[in-house]
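In this chain, residues are counted from 1 in sequence order. Ligands are counted one by one from 1 in listed order, and the atoms in each one are counted from 1 as well. This structure is a prediction, so every number in the text was calculated from the model and none was measured.
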Amino acid sequence: MTAAPENKTTYVVPDSLFDPHRGRTYKRGRFFGKGGFARCYEIIDVHTDDVFACKIVSKKLMMKPRQEEETAEPEEIAVEISIHRGLNHRSIVKFFSCFDDIDNTYIVLELCRKRSMSELQRRRKIITEFECRYYITQIIEGVQYLHNNRIIHRDLKLANLFLNDMLHVKIGDFGLATRIEFEGDRRYSVCGSPNYIAPEILTKKGHSFEADIWSIGCVMYTLLAGRPPFHHKTREGIFSNIKKGQYSVPSWLTISAADMLVSMLQLDPERRPAIGQLLNCNFLKAAKVPQFLPSFCLTMAPRIG
Ligand code: ADP
């Protein structure tokens, strides 16, 4: 979601929450972080001690002036909820429930204690190809599930790829996601500014599932190179490099990793592999991926690989 003006007085977050749909009461725990419109807290079910993440979206902050009198959720959050609530896959943040009061909309989610891959990348800078194969395989499996269900995420980036205690990847934040209604349906605009925006979105030629493949390419590049593929001092400079497809493949990558990146970062969306084809890339087939990674991998490379 795009940044909203911060106004501390508009946030009212109660200590105790009642979920009328599940009949559960939660105690508010620690604060995890804030995004454009949301604040995220740990919440604990007072009867079972089960712990969840709760995304709290202030209605006032989200409302456009004409909506202020209305009680329903603002449009953006309603789309996010309607898409996310129907999803069920091990590589997607589980959506448990959603309810609201006069101040906020509350979204109860699977808790991802190890934060996002953005923090992982900040700490590690570059990860090994062994680890990259592990993470990218899970991202592709999650996105394959989305595409099979005709959903484009449209904002795949490290900050939206969450990690649980076993360092399993969970794709989250469906704030820019969209549903494709029929074969060949294309989208022409995207609100907000996705981090790893595909060239066909920038040029407004019409985009579809291939935009997610481009973003997976940007995620994989950043994990292996320590920086995003398209960089420049200015936003215009970045966009111009994206439109020209101007980036360089790091010299230290194996041929199979470089080939996979190059296939995803093709300017012509039609030439990019479809999500199912990606799982057959030599890079992913080169070795078996482990079932999980130990949490020391957040700060140190594992010996293997
Ligand atoms: P926005 O949609 O407004 O950008 P985000 O979805 O990015 O909000 O969430 C805001 C913050 O909450 C982020 O800093 C993120 O680290 C944290 N967060 C979001 N979802 C979870 C989750 N399932 N588990 C743990 N932390 C989360």
Side-chain angles (χ1 to χ4, degrees), residues 1-8 10-11 13 17 19 26-45 50-64 73-85 87-100 103-123 138-139 142 146 151-178 190-197 215 219 295 298:
M1 248 177 237
T2 46
E6 178 68 336
N7 179 353
K8 288 194 173 62
T10 52
Y11 274 103
V13 182
L17 304 172
D19 177 348
Y26 308 102
K27 181 173 75 190
R28 177 160 58 84
R30 61 196 172 104
F31 174 68
F32 279 130
K34 64 174 195 305
F37 289 96
R39 289 179 162 227
C40 189
Y41 288 87
E42 174 185 75
I43 55 168
I44 304 119
D45 185 318
D50 287 338
V51 188
F52 302 91
C54 185
K55 214 166 137 168
I56 304 180
V57 185
S58 158
K59 287 188 176 174
K60 270 216 187 99
L61 268 186
M62 287 291 290
M63 292 294 181
K64 297 185 182 103
E73 288 118 9
E75 210 178 302
E76 292 92 333
I77 191 79
V79 172
E80 173 173 353
I81 292 167
S82 84
I83 290 183
H84 197 173
R85 76 173 348 142
L87 304 176
N88 184 17
H89 187 273
R90 64 183 178 283
S91 299
I92 309 246
V93 174
K94 180 108 190 79
F95 182 108
F96 288 104
S97 182
C98 168
F99 52 95
D100 62 358
D103 298 307
N104 303 306
T105 297
Y106 303 89
I107 307 174
V108 182
L109 299 169
E110 175 181 67
L111 175 65
C112 301
R113 275 188 219 273
K114 299 297 186 210
R115 307 182 66 88
S116 78
M117 294 192 73
S118 177
E119 286 82 28
L120 162 78
Q121 195 269 327
R122 219 169 295 144
R123 278 195 219 131
Q138 295 172 62
I139 295 166
L146 292 178
I151 291 161
I152 326 177
H153 186 283
R154 301 201 297 182
D155 199 14
L156 293 168
K157 59 179 178 182
L158 296 170
N160 288 339
L161 300 168
F162 296 96
L163 296 169
N164 72 3
D165 285 334
M166 310 231 269
L167 304 192
H168 290 155
V169 182
K170 309 277 172 177
I171 299 171
D173 198 345
F174 288 81
L176 293 185
T178 190
V190 57
C191 1
S193 178
N195 223 264
Y196 295 142
I197 194 162
S215 306
V219 164
S295 49
L298 291 172

Item to complete: Mind checking ring pair (Phe, Tyr, Trp, His ring centres under 6.0 Å) for Tyr196 and listing every partner two or more places apart, or none if nothing turns up?
Response: none
Practice prompt. Assess Lys55 for proximity to ligand 1: is some non-hydrogen atom of it under 4.0 Å away?
Written response: yes
Response to the item:
Here the atoms of ligand 1 under 4.0 Å from any heavy atom belonging to Glu110 are 22 (C), 23 (N), 24 (N)
Discussion item. Do Ser118 and Gln121 pair up side chain to side chain, a donor and an acceptor below 3.5 Å, judged on atom types alone?
Written reply: no
Worksheet item: SG/Cys54 to CG/Asn104 distance, rounded to the nearest 0.5 angstrom?
Response: 9.0 Å
Discussion item. Taking side chain to side chain contact (heavy atoms under 4.5 Å, CB included) as the definition, give me every residue that meets it alongside Arg113, ordered by chain and number, with sequence neighbours left out.
Written reply: Glu42, Val51, Leu111, Asp165
Practice prompt. Answer yes or no on whether Arg28 is positioned over the face of Tyr41, meaning its NZ or CZ is under 6.0 Å from the six-membered ring centre and within 45° of the axis.
Written response: yes
Worksheet item: For the residue pair Phe52 and Phe96, does the interplanar ring angle fall in the parallel (under 30°), tilted (30 to 60°) or perpendicular (over 60°) class?
Response: perpendicular
Discussion item. Considering Cys40, Cys112, Ser116 one by one, which has a heavy atom nearer to atom 24 (N) of ligand 1 than any of the others?
Written reply: Cys112
Item to complete: Identify which of Phe162, Phe31, Phe174 has a heavy atom lying nearest to atom 16 (O) of ligand 1.
Response: Phe162
Fill in: Minimum non-hydrogen distance to atom 22 (C) of ligand 1, winning option of Ala38, Cys54, Ala53, Gly33
Ala53
Worksheet item: Quick one: does ligand 1 sit under 4.0 Å from the side chain of Lys34, the backbone, both or neither, non-hydrogen atoms only?
Response: backbone
Practice prompt. Please say whether Glu80 places an N or O atom under 3.5 Å from an N or O atom belonging to ligand 1.
Written response: no
